[in-house]
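Before any comments, here is the structure.
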There are 2 protein chains.
Amino acid sequence: MKTADRLLDAAQDIIQRQGYNAMSFDDVAKMVGIKKPSIVHHFPTKAALGKAVIQRYREMFGQALAGILAQPDQDLRQALEFYFGPFLELDEKGNSICLCGSLAGEFGALPDAIRTEVGLFFVDHQTWLTLILKRGAEEGIFQLSGQPNQHACLILSALQGALIVSRATAAPHYVQQIADLLKKGLVGT
Amino acid sequence: MKTADRLLDAAQDIIQRQGYNAMSFDDVAKMVGIKKPSIVHHFPTKAALGKAVIQRYREMFGQALAGILAQPDQDLRQALEFYFGPFLELDEKGNSICLCGSLAGEFGALPDAIRTEVGLFFVDHQTWLTLILKRGAEEGIFQLSGQPNQHACLILSALQGALIVSRATAAPHYVQQIADLLKKGLVGT
DNA sequence: GTCTATACAAAGATAGAC
DNA sequence: GTCTATCTTTGTATAGAC
């Protein structure tokens, strides 16, 4: 595996566990097994490393979500289930939250370039969820009590918040409980 | 106003805007108008300052929530409305999120004493919300699709997440939209 | 209770050899 | 592409005067 990718992996892992400000070049270098100044050859600044981490994360999610949408005869309930997947995995793994949830928590301390990427991540997800929910409502699969966009924001916020609260309270299967209740809220009473 | 209280105010403000790791003695001292080493007279370490900030925050919320519960002939819908209040205010103010939401985002980088306080904050809120929802369900005011505790966790997570997403996307009245939909989810279809 | 001065470590970043 | 060495700034904390 290329050094640049291993650096991205290490940086992402630290941010998801400890936050952006707690991620230092030295920590990242030690995880990869090289010395601190060698990082600069791959990423000139910490902000550049951070930005690259989010861009890769956004792209990974973007492809996964586009892949779900592209399926013919898609089951929209199943599509939503796929969406929950990565968040459930993060919670069961423990100690890690969504990369962008972590970054957004330190928003006021972030470089501008990173703030922009984080904002785009959330908008991406809201847009995708809104589309799924709107289709589902039209097909009669979902019975929405509010606007599709509103439900999309609730799902996104609840998952991000659930990961954060779950880690701090160490409650088992916390995100799963939240996801189950969110699903119930989409099928009427 | 006592210096110790002004230090707590300043530290809390920075944590809510930028996070715990971005909060330095020097920043706090400058906001209060004293020099960095003078803080030590009031709080021996950064961890002690941080812990004191959360303890005050927990106590403030604790008293407010107990006050709502203590009201005779309480309207449970109104009680929930009161609960949403501080989160709506934070969102409208902009740039700040819940103190404990911010800290929980950096959980892996926090001193043990602070982790404990953050966990207690969330448990406090879950317990209070569960009680309100359970009573409401018994009285027929709320029609819950899941367990009261489950709804409590959803409300807490959604509000914490909404503040974080709202700040990163700069969407107007974001938390209000989430709160409205959460309320709809408690009254059946 | 606040100050100046200072110790000490860690951080992001640069220069130049290999 | 990685290294050693170094610079500069910042951060937490201490010592001791006022």
Side-chain angles (χ1 to χ4, degrees), chain A residues 1-56 102-103 105-115 117, chain B residues 1-56 102-103 105-115 117:
Chain A
M1 198 180 192
K2 277 182 142 45
T3 303
D5 290 320
R6 295 201 296 140
L7 289 168
L8 290 172
D9 287 345
Q12 180 177 333
D13 182 57
I14 295 173
I15 296 171
Q16 289 185 271
R17 285 186 294 104
Q18 324 222 70
Y20 179 79
N21 267 314
M23 186 264 291
S24 76
F25 271 18
D26 214 33
D27 296 334
V28 173
K30 277 188 180 121
M31 279 180 69
V32 171
I34 62 177
K35 298 294 177 180
K36 180 166 64 159
S38 304
I39 297 179
V40 179
H41 181 74
H42 305 276
F43 304 98
T45 63
K46 178 175 168 176
L49 172 58
K51 185 178 172 182
V53 169
I54 316 175
Q55 284 179 327
R56 189 183 65 158
S102 175
L103 290 162
E106 299 174 275
F107 203 69
L110 300 178
D112 275 344
I114 293 188
R115 284 192 201 188
E117 291 293 325
Chain B
M1 197 180 193
K2 278 184 142 50
T3 303
D5 290 319
R6 295 201 296 139
L7 289 169
L8 291 172
D9 288 345
Q12 181 176 333
D13 181 57
I14 295 173
I15 296 171
Q16 289 185 272
R17 285 187 293 104
Q18 325 223 75
Y20 179 79
N21 267 314
M23 186 263 291
S24 77
F25 271 18
D26 213 33
D27 296 334
V28 173
K30 276 186 181 123
M31 280 180 68
V32 171
I34 62 177
K35 298 295 177 181
K36 183 166 58 163
S38 304
I39 298 178
V40 179
H41 181 75
H42 305 276
F43 303 99
T45 62
K46 179 175 168 178
L49 173 58
K51 184 177 172 182
V53 169
I54 316 175
Q55 284 180 327
R56 189 182 65 157
S102 175
L103 290 162
E106 300 173 275
F107 204 69
L110 299 179
D112 275 344
I114 293 188
R115 285 192 200 188
E117 291 293 325

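Note that the structure is a prediction, hence the values are computed from the model and not measured. Throughout, protein chains are lettered first and strands after them, A, B, ... in sequence-line order, and every chain is numbered starting at 1.
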(message) One character per nucleotide, please: for nucleotides 3-15 of chain C, 5' to 3', B when the base has a protein heavy atom closer than 4.0 Å, S when only the sugar-phosphate does, - otherwise.
(response) BBB-----SBBB-
(request) Calculate the interatomic distance between B:Q18 atom CD and D:dG11 atom P; express it in whole Å. (result) 11 Å
(request) Start with the C-alpha distance between A:R56 and A:D9, add both sets of side-chain angles, then the distance that settles salt bridge (Lys or Arg N to Asp or Glu O under 4.0 Å), and finish with yes or no. (result) CA-CA 10 Å; A:R56 189 183 65 158; A:D9 287 345; 2.9 Å; yes
(request) Starting from C1' on C:dT2, measure out to NZ on B:K30 and report it in whole angstrom. (result) 17 Å
(message) Can you measure B:F43 atom CZ to D:dT14 atom P for me and round it to whole angstrom units?
(response) 16 Å
(request) Taking side-chain hydrogen bond (donor to acceptor under 3.5 Å, both in side chains) as the test, write out the residues that go with B:Q18, two or more places apart. (result) none
(message) Could you tell me if the side chain of B:L49 sits less than 4.5 Å from the side chain of B:T45, heavy atoms only?
(response) no
(message) Looking at C:dT2, I'd like to know if its phosphate oxygens (OP1 or OP2) sit under 4.0 Å from a side-chain N or O belonging to B:H41.
(response) no
(request) Look only at the side chain of A:K36 and the backbone of A:K30, and say whether a donor-acceptor pair between them is shorter than 3.5 Å. (result) no
(request) Under the side-chain contact (heavy atoms from CB on, under 4.5 Å) rule, what do A:N21 and B:Y20 come out as? Steps first, then yes or no, please. (result) CA-CA 9 Å; A:N21 267 314; B:Y20 179 79; over 6 Å; no
(message) Working to the nearest 0.5 angstrom, can you tell me the gap between B:I54 CD1 and B:L8 CG?
(response) 11.0 Å
